[in-house]
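Report on the structure given below.
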There are 2 protein chains.
Amino acid sequence: MADSQVEGAAGVRVAADALRDSLARGDLAPGQRLVEGDLAEMYGVTRASVRAALIDLTGEGLVERIPNRGARVRVVAVEEAVAITECRMVLEGLCAARAARAATDDEIASLTALGDQLGAAVADGEPLKYSDLNRELHRRIRDIAAQPVANQVLDRLNAQLVRHQFRLALRPGRPQVSLREHLAIIAGIASRDPEAAEAAARAHVASVIEALRQTDTA
Amino acid sequence: MADSQVEGAAGVRVAADALRDSLARGDLAPGQRLVEGDLAEMYGVTRASVRAALIDLTGEGLVERIPNRGARVRVVAVEEAVAITECRMVLEGLCAARAARAATDDEIASLTALGDQLGAAVADGEPLKYSDLNRELHRRIRDIAAQPVANQVLDRLNAQLVRHQFRLALRPGRPQVSLREHLAIIAGIASRDPEAAEAAARAHVASVIEALRQTDTA
DNA sequence: CCAGCAGAGATTGTCGACAATATCGCACAC
DNA sequence: GTGTGCGATATTGTCGACAATCTCTGCTGG
């Protein structure tokens, strides 16, 4: 979505990318005020550029803008994170089903290999590597599904969850549960069974919702 | 999403609302160029306001903006309309399932009454009234589902489909098919059967996809 | 006759300054 | 001591002008 190759300054792009990065990395605390003037000086662009970038990010649901009162980092309550993940559930289900229909032999082989790597990462107790492979798997499935609209919506939704995903990643025992679910999704796609793939994907995200709810009290 | 109560001028709001209206009513042809200066003069606001509004609408997927080359009304090909509707399918399914869980007796009675009205509209051959009731039904279900994220995403997706929905509404024989599907959704919710409601909602939107594909050649 | 190039016009991107609005602290009245 | 109104400050919204970029037209050369 965000074009990458930039040669000229393109103030608004600089500001938007910098902000997006800061948000994705969690450098900015949720609820923190985003003062146009400060950001402009910080990133070396004009206020107009920062302004445009903020409007842009507001559209992506990353920042909240109140008229005449400025912008702040949008804070997503656990409750809303659950709602977002519910939507992810059905959309990832859609992608899994489509992937089961569209996958080539090569792609299935690649997914299966990825599943093996996932298993190895869990066995070796490498949660960080597992997390990376996890993302890779989801991305791969969505690529195979070739559903640009669903992909775009999922990107938007995921971007709003960075903070919660972070908290989720370090829950002990989670990888073991997650692994089984992931393998089920891969199996569904590999056997070209759209309904099984969709059901597995939904079951997986449903378990994420359950875990999310538990972080509420934890 | 768009705040409604406005008293002052608030240039950007004026511009954004005016543009949104024009797009929703189909006054602007798809692909038409949107020149900032012209729009500014047309709506009596400054170019900066128009600019902000255009960035806003770009985020909503209504306008396409190419750096240094300006904005134009986004044209959604039938192919993309199908992709959008696929996403609608699973999201409306989610809402229907949630509605089946959450509906109160009063809400079910209200839905049933709406179903009767729909049947009457078809029997009387009033496609316009049917279309209105149709929208009302979908809105009502989403209200009951109380899933703000899904609602927001659906609003965005629907806004991108105005042109295609228009073409779809006047297909002869469509109301008869559509009515049965709608009644099935209502029945699923009324019997508080989430799976039936979801299946019915998905079947309904799936038939919309089918109809959409046929307009491609028609 | 067609390809390539240069210039003019149009349009977007950027900038700095000004106006409008909200927030906060303080004095004052009760 | 508490609540209310006023003024100072900070921040956003708006404006007009300038710079950068793109598009289109017409000309030149092969």
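In what follows, every heavy atom counts, from backbone to side chain, and hydrogens, waters and symmetry copies are set aside.
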Practice task
Using the six-membered ring wherever Trp is involved, compare the ring planes of His182(B) and His138(B) and label them parallel, tilted or perpendicular (cut-offs 30° and 60°).
Solution key: perpendicular
Rounded off to whole Å, could you give me the [atom1]-to-[atom2] distance for the [X] and [N] pair?
| X | N | atom1 | atom2 | result |
| --- | --- | --- | --- | --- |
| Arg13(A) | dT14(C) | CZ | P | 9 Å |
| Ile66(A) | dT11(D) | CD1 | P | 15 Å |
| Ile55(A) | dG13(D) | CD1 | C1' | 10 Å |
| Arg33(B) | dG9(C) | CZ | P | 18 Å |

Handout entry: Nucleic acid contacts - residues 35-46 of chain B versus DNA chain D, non-hydrogen atoms under 4.0 Å
Key = Thr46(B)
Ignoring the backbone of [X], work out which of [options] is nearest its side chain.
| X | options | answer |
| --- | --- | --- |
| Asn68(B) | dG13(C), dT11(D), dT11(C) | dG13(C) |
| Arg65(B) | dC15(D), dG13(C), dA22(C) | dG13(C) |
| Ser49(B) | dC15(C), dT14(D), dT12(D) | dT14(D) |

Practice task
Using distance alone, with no hydrogens and no angle criterion, decide if Glu64(B) and Thr58(B) have a side-chain donor and acceptor under 3.5 Å apart.
Solution key: no
Handout entry: Residue pair Arg74(A), Gln160(A): steps toward the side-chain hydrogen bond (donor to acceptor under 3.5 Å, both in side chains) verdict
Key = CA-CA 8 Å; Arg74(A) 201 166 87 87; Gln160(A) 299 176 24; 2.9 Å; yes
Exercise for the section: Report yes if a side-chain nitrogen or oxygen of Arg69(A) is closer than 4.0 Å to either non-bridging phosphate oxygen (OP1 or OP2) of dT11(D); otherwise report no. Expected result: no
Problem - Side-chain N,O (Arg51(B)) to OP1/OP2 (dT12(C)) below 4.0 Å - result: no
Handout entry: Straight-line distance of Ile141(B) CD1 to Ile189(B) CD1, nearest 0.5 Å
Key = 4.0 Å
Fill in the blank from the handout: CZ (Arg72(A)) and CG (Leu54(A)) are apart, to the nearest 0.5 Å, by 12.5 Å
Practice task
Identify whether any heavy atom of Leu34(B) sits under 4.0 Å from a base atom; if not, whether one sits that close to sugar-phosphate; answer base, sugar-phosphate or nothing.
Solution key: sugar-phosphate
Exercise for the section: Test side-chain hydrogen bond (donor to acceptor under 3.5 Å, both in side chains) on Tyr130(B) and Ser178(B) and set out the steps. Expected result: CA-CA 10 Å; Tyr130(B) 179 78; Ser178(B) 169; 2.7 Å; yes
Handout entry: Greater than 12 external heavy atoms within 6.0 Å of Ile66(B)'s CD1
Key = yes
Problem - Side-chain donor/acceptor of Arg47(A) to base of dG13(D), under 3.5 Å - result: yes
